[in-house]
Amino acid sequence: MKYAEYQPVYYTLKNYILEKLSLSDILPLGDEIMNKQFSTFGQELYQADSIIAIERFHYIKNNDELLEAIIGILPHRSIKTRTRVAEKFIQRFFNFNDLSDASFLKMVRSSESIQDKIDLIYWRTARTDKIIAAIANEIFYSYFINNSIPGGYSQQQFDMKNTYTLFSLDKVITADFVVEYALSNWNFSSKKSILLALRIMRQANMINSLPIITGFRKNLGYYTIQHYINPKIFAFCLYEEFSANPHRKIISMDQIQESDSVKVFFISRLQLENIIKSLQKDRIIKLTNLHAVRYIEFIHKDASSLTSHLIKT
């Protein structure tokens with residue numbers, strides 16, 4: 001993941017910073033920067049079961065009670081499988097050490113659109129199982145949105161690794177290329193986790209797949225599909241991504257463009273501009289221009305009041 005790096009505050013902003021902000025207000029999430037320590041995992045999105053668990057058990061604060069309740073609604077035959085899936089649900093959605101979790105559960109429950117609910121679940125899943133966000137950011141966003149070859153490969157190297165491009169003009173990323181990229185760039189060797197990450201992205205309606213044959217081998221090719229994200233869902237995701245600092249903060253448009261919130265949903269620059277206009281119109285954010293640099297600031301400073309406003313508007 002290529003996270004936004006700290007932008008030096010030049011002397012031209014000194015007076016504004018001293019009057020309006022603390023230095024940490026314009027920093028991205030420091031503990032996230034260039035974190036390539038990915039963990040393996042074995043659970044897919046389970047979007048329907050995830051939504052049911054959130055809507056039925058959002059009020060349970062005791063971990064053991066919550067685990068037992070979720071196990072009780074899962075359809076799997078094996079109690080071991082149900083337990084593993086329930087534990088993953090809790091890790092993804094019910095981590096009550098995070099103050100924004102109550103707001104996340106409220107957003108899922110209050111969203112009328114099934115796709116909005118799925119987008120929120122996908123967002124949290126990609127933040128928990130970080131290999132998903134990394135694949136979306138560095139490979140799919142680079143290739144399909146930025147029209148650039150991922151990871152610094154030359155065109156010839158990319159064509160050889162992403163072998164389908166040798167046989168077709170269609171733009172796809174092969175599963176083999178993702179596996180090779182993860183090993184070469186992140187030293188991540190779990191093919192099972194990578195294929196599961198791709199499956200989760202497909203279940204979230206972010207990508208689609210087609211069977212391809214390269215030589216004598218069967219493979220899967222993946223391509224992005226047009227995806228509309230509700231601006232309010234995007235606002236919640238963006239707030240959650242940059243909410244480590246409880247004080248008022250501003251976020252530059254450059255930071256937003258490089259954020260997970262943009263890249264895991266494959267949001268183009270034009271789409272982002274339209275989303276920002278919509279959020280400004282609904283008084284969710286306000287725009288600030290400082291020396292030709294645009295920043296946004298959330299009008300509601302805490303997750304609870306922001307969520308309440310998002311639900312009402």
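Quick note: residue numbers are just sequence positions, from 1.
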Please find the pair of heavy atoms, one from [X] and one from [Y], that lie closest to each other, and give the distance.
{"X": "L45", "Y": "I118", "result": "CD2-CG2, 4.4 Å"}
{"X": "Q43", "Y": "R84", "result": "NE2-CB, 3.9 Å"}
{"X": "I139", "Y": "P150", "result": "O-CG, 3.8 Å"}
{"X": "Q115", "Y": "A204", "result": "NE2-O, 3.5 Å"}
{"X": "F188", "Y": "S193", "result": "CZ-CB, 3.8 Å"}
{"X": "Y141", "Y": "I267", "result": "OH-O, 3.1 Å"}

Is any side-chain heavy atom of [X] less than 4.5 Å from a side-chain heavy atom of [Y]?
{"X": "K232", "Y": "L306", "result": "no"}
{"X": "V178", "Y": "Y222", "result": "no"}
{"X": "F41", "Y": "T128", "result": "no"}
{"X": "I70", "Y": "R82", "result": "no"}
{"X": "L66", "Y": "F94", "result": "yes"}
{"X": "F93", "Y": "V108", "result": "no"}
{"X": "I299", "Y": "I285", "result": "no"}
{"X": "Q280", "Y": "K286", "result": "no"}

Parallel, tilted or perpendicular for Y122 and F265, by the 30°/60° rule?
perpendicular

Does F158 form a ring pair (Phe, Tyr, Trp, His ring centres under 6.0 Å) with F177? I'd like the steps, not just the answer.
CA-CA 9 Å; F158 176 72; F177 175 79; 5.2 Å; yes

How about [X]: does its [atom1] atom have over 12 heavy atoms from other parts shown lying under 6.0 Å from it?
{"X": "R283", "atom1": "CZ", "answer": "no"}
{"X": "Q257", "atom1": "CD", "answer": "yes"}
{"X": "N289", "atom1": "CG", "answer": "yes"}

Quick check on the hydrophobic clustering: are [X] and [Y] connected, directly or via other members, by side-chain heavy-atom contacts under 4.5 Å?
{"X": "I90", "Y": "I79", "value": "yes"}
{"X": "Y228", "Y": "M206", "value": "no"}
{"X": "L67", "Y": "Y59", "value": "yes"}
{"X": "L183", "Y": "L195", "value": "no"}

Using 0.5 Å steps for rounding, measure from the [atom1] atom of [X] to the [atom2] atom of [Y].
{"X": "I200", "Y": "I131", "atom1": "CD1", "atom2": "CD1", "result": "11.5 Å"}
{"X": "I256", "Y": "I275", "atom1": "CD1", "atom2": "CD1", "result": "10.5 Å"}
{"X": "K191", "Y": "D176", "atom1": "NZ", "atom2": "CG", "result": "6.0 Å"}
{"X": "Q255", "Y": "S261", "atom1": "CD", "atom2": "OG", "result": "11.5 Å"}
{"X": "I73", "Y": "E68", "atom1": "CD1", "atom2": "CD", "result": "13.0 Å"}
{"X": "Q155", "Y": "N162", "atom1": "CD", "atom2": "CG", "result": "10.0 Å"}

Keeping [X] on the side-chain end and [Y] on the backbone end, is there a donor-acceptor pair under 3.5 Å?
{"X": "E273", "Y": "L270", "answer": "no"}
{"X": "D116", "Y": "S111", "answer": "no"}
{"X": "Y143", "Y": "Y223", "answer": "no"}
{"X": "N146", "Y": "S148", "answer": "no"}

E44 bridged to R199 by N-O distance under 4.0 Å:
yes

Salt-bridge criterion met for E240 and R124 (N-O under 4.0 Å)
yes

Before you tell me yes or no, could you show the steps for S308 and I311 under side chain to side chain contact (heavy atoms under 4.5 Å, CB included), namely the whole-Å CA-CA distance, both residues' side-chain angles and the distance that decides it to 0.1 Å?
CA-CA 5 Å; S308 297; I311 292 170; 6.0 Å; no

Under 3.5 Å, is there a donor-acceptor pair linking the side chains of N147 and K171?
yes

Side chains of S50 and Q47: is there a donor and an acceptor less than 3.5 Å apart?
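S50 vs Q47: no donor-acceptor pair found between side chains.
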
Using the side chain to side chain donor-acceptor pair (under 3.5 Å) rule, take N230 and D119 through it: C-alpha gap first, then chi angles, then the decisive distance, then the call.
CA-CA 9 Å; N230 185 330; D119 283 346; over 6 Å; no

After noting the C-alpha distance and the side-chain angles of T313 and D282, does the key distance pass the side chain to side chain donor-acceptor pair (under 3.5 Å) rule?
CA-CA 7 Å; T313 54; D282 289 337; 5.1 Å; no

Kindly indicate, with the supporting measurements, whether the criterion ring pair (Phe, Tyr, Trp, His ring centres under 6.0 Å) is fulfilled by Y239 and F298.
CA-CA 8 Å; Y239 179 89; F298 282 97; 5.3 Å; yes

For the pair I135 and M201, evaluate side chain to side chain contact (heavy atoms under 4.5 Å, CB included) and give the outcome as yes or no after the intermediate values.
CA-CA 10 Å; I135 291 170; M201 292 167 66; 4.1 Å; yes

Stepwise side chain to side chain donor-acceptor pair (under 3.5 Å) check, N95 with Q91
CA-CA 6 Å; N95 178 12; Q91 182 190 18; over 6 Å; no

From the options E138, E258, E241, select the one residue that forms a salt bridge (charged side-chain N to carboxylate O under 4.0 Å, His left out) with K263.
E258

Result of checking T83, D129, T125 against K88 for side-chain hydrogen bond (donor to acceptor under 3.5 Å, both in side chains)
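One option only clears the test, and that one is D129.
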
Walk me through it: do T288 and R294 pass the test side chain to side chain contact (heavy atoms under 4.5 Å, CB included)?
CA-CA 6 Å; T288 303; R294 290 192 302 160; over 6 Å; no

Side chain to side chain contact (heavy atoms under 4.5 Å, CB included) between S259 and V262, intermediate numbers included
CA-CA 6 Å; S259 69; V262 164; 3.7 Å; yes

Run the ring pair (Phe, Tyr, Trp, His ring centres under 6.0 Å) check on F236 and W123 step by step: do they pass?
CA-CA 10 Å; F236 181 86; W123 164 250; 8.6 Å; no

Face-on cation placement of K161 at Y153 ring, 6.0 Å and 45° thresholds
no

